[in-house]
Amino acid sequence: MRKIKKITVANIGKNNPVFMQILGICSTLAVTNVLENTVVMCLGLIFVTALSNTTVSVLRKWIPSRIRMMVSTLIIASYVILVDIVLKAFVPDISRQLGPYVGLIITNCIIMGRAEAFALNNKPGISFVDGLTSGIGYSYVLLAIAFLRELMGSGTIWGIKVMGDWWVNWSIMVMAPGAFFMLAVFIWVVKGKLIKEETS
Amino acid sequence: MNKKNKFKERIFMVLFMTGISAFFVSAISVVHLSTKETVRRNENLFLKRSVLYTAGIPFEKDPLEIEKVFNKKVTVSQNDGLPKYTVHSEKGTIKIYTVQGKGLWGEIIAHVGLFKDMKMSGISFIKQSETPGLGARIDEKWFKEQFRGKKGPFSTVPEGSTSQINEFDAVTGATITTKAVEDILNTTYKKLSKEYRE
């Protein structure tokens, strides 16, 4: 139980995949201009990290160490394709909007990173928790960025207009450079103000 | 002895990879096959909805209802290898063409509906991968609705200021996407003008 708590706190705070490990930046930049897409992306990622971590962990004793990367990739890819198929079949409109992003979950380094660094050396239960909390750590950062980008870039939240007519949209916010600015500011605030570096 | 062990290890590696690949691929295949029909139906329904929207025919959300309206009013044929729909509506016969062109990030494919006098009945985008929040706004209602009753060749005006029959509102911040839509429509008009004159 203590271990679970420790992992959760680490993955959300001091060991956060996005702002501490700087992983998964590609998707952070790509999908965060509209909140709705971000939510689906985050759910997909949480699902894939949690389950691929568990699967890799279950198989860890049999996976030959020389081909462990191949095996992990295969497992991750299978789950991603599963997500893609399910979206296409049951929520076709969202699937259409997300386009290639779902397939790109495969390339998210967080998943491979957790499989390699954690799942190969730990039991399935705790690996599941690690995958889940890594996914959540990634998600809340993305959601925060997406919230601000959509608000400033389109004056809307979840497609609903919230800013009045006086508001002039910052077009740059919904384009890629806006994501760089937002992410940089986010990392700066979090690292500079909230998490005190250990003084050496 | 050592050599033999190494050999064994390699064989195991190959067998393991083959086995695990076979397992995951079959699992995915099962899911794919069991949802194939739903996915195909979704895609068909999407196209039918798009055709009806382009023709300006109101329809209910219910899939069976859409199917019924579509089958009653629309006939499908081919035009340059792309599907062409002929819709018999109360306002006259509408021909809906599937047209395509190059957008900012990828292909844009649209349904464009024309009355006999070449006035547009509407437009609907069936594939586009423009920037969400900017170019992708061509798929929003305000943009698509403005084309009803208009006639090309078109020129664009700043967002919110269209007044002439051959103008349409550009999308602010999406110059290239707007230009792409303009090009697609104007090429369509150019291509079809001969056919319609006869």
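Chain identifiers are assigned alphabetically (A, B, ...) following the order of the sequence lines, protein sequences preceding nucleic acid strands; residue numbering begins at 1 within each chain.
Under a 4.0 Å N-O distance rule, the pair B:Arg40/B:Glu37 qualifies as a salt bridge. A salt bridge links B:Arg49 to A:Asp93: at least one charged side-chain nitrogen sits closer than 4.0 Å to a carboxylate oxygen. Classification of B:Glu107 and B:Lys102 as a salt-bridged pair fails, no side-chain N sitting under 4.0 Å from a carboxylate O. A salt bridge links B:Arg137 to B:Glu140: one of the charged nitrogens lies within less than 4.0 Å of a carboxylate oxygen.
Neither the backbone nor the side chain of B:Phe23 comes within less than 4.5 Å of any heavy atom of chain A. Using a 4.5 Å cut-off between heavy atoms, B:Ser21 contacts chain A through both its backbone and its side chain. Interface residue A:Val34: only side-chain heavy atoms are found under 4.5 Å from chain B. Heavy atoms closer than 4.5 Å to chain B are found nowhere in A:Ile172, neither backbone nor side chain. Of the atoms belonging to A:Thr55, it is side-chain heavy atoms, and not backbone ones, that fall under 4.5 Å from chain B. Looking at A:Arg149, there are no atoms closer than 4.5 Å to chain B (heavy atoms on both sides), in backbone or side chain.
Scanning both residues, B:His111 and B:Ile96, for their nearest heavy atoms gives CB-CG2, 3.8 Å.
The 12-atom threshold is exceeded at CD of B:Gln78, counting heavy atoms of other residues, nucleotides or ligands nearer than 6.0 Å.
Per-residue heavy-atom pair counts under 4.5 Å with chain B were compared for A:Ile75, A:Ile67, A:Val86, A:Asn169, and the maximum is reached by A:Ile67. Note: B:Ile20 leads B:Thr38, B:Ile20, B:Asp139 in heavy-atom pairs under 4.5 Å with chain A. The choice from B:Phe12, B:Phe24, B:Phe16 that makes the most heavy-atom pairs within less than 4.5 Å of chain A is B:Phe16.
Relative orientation of the B:Phe147 and B:Phe154 rings is perpendicular, given thresholds of 30° and 60° on the angle between their planes.
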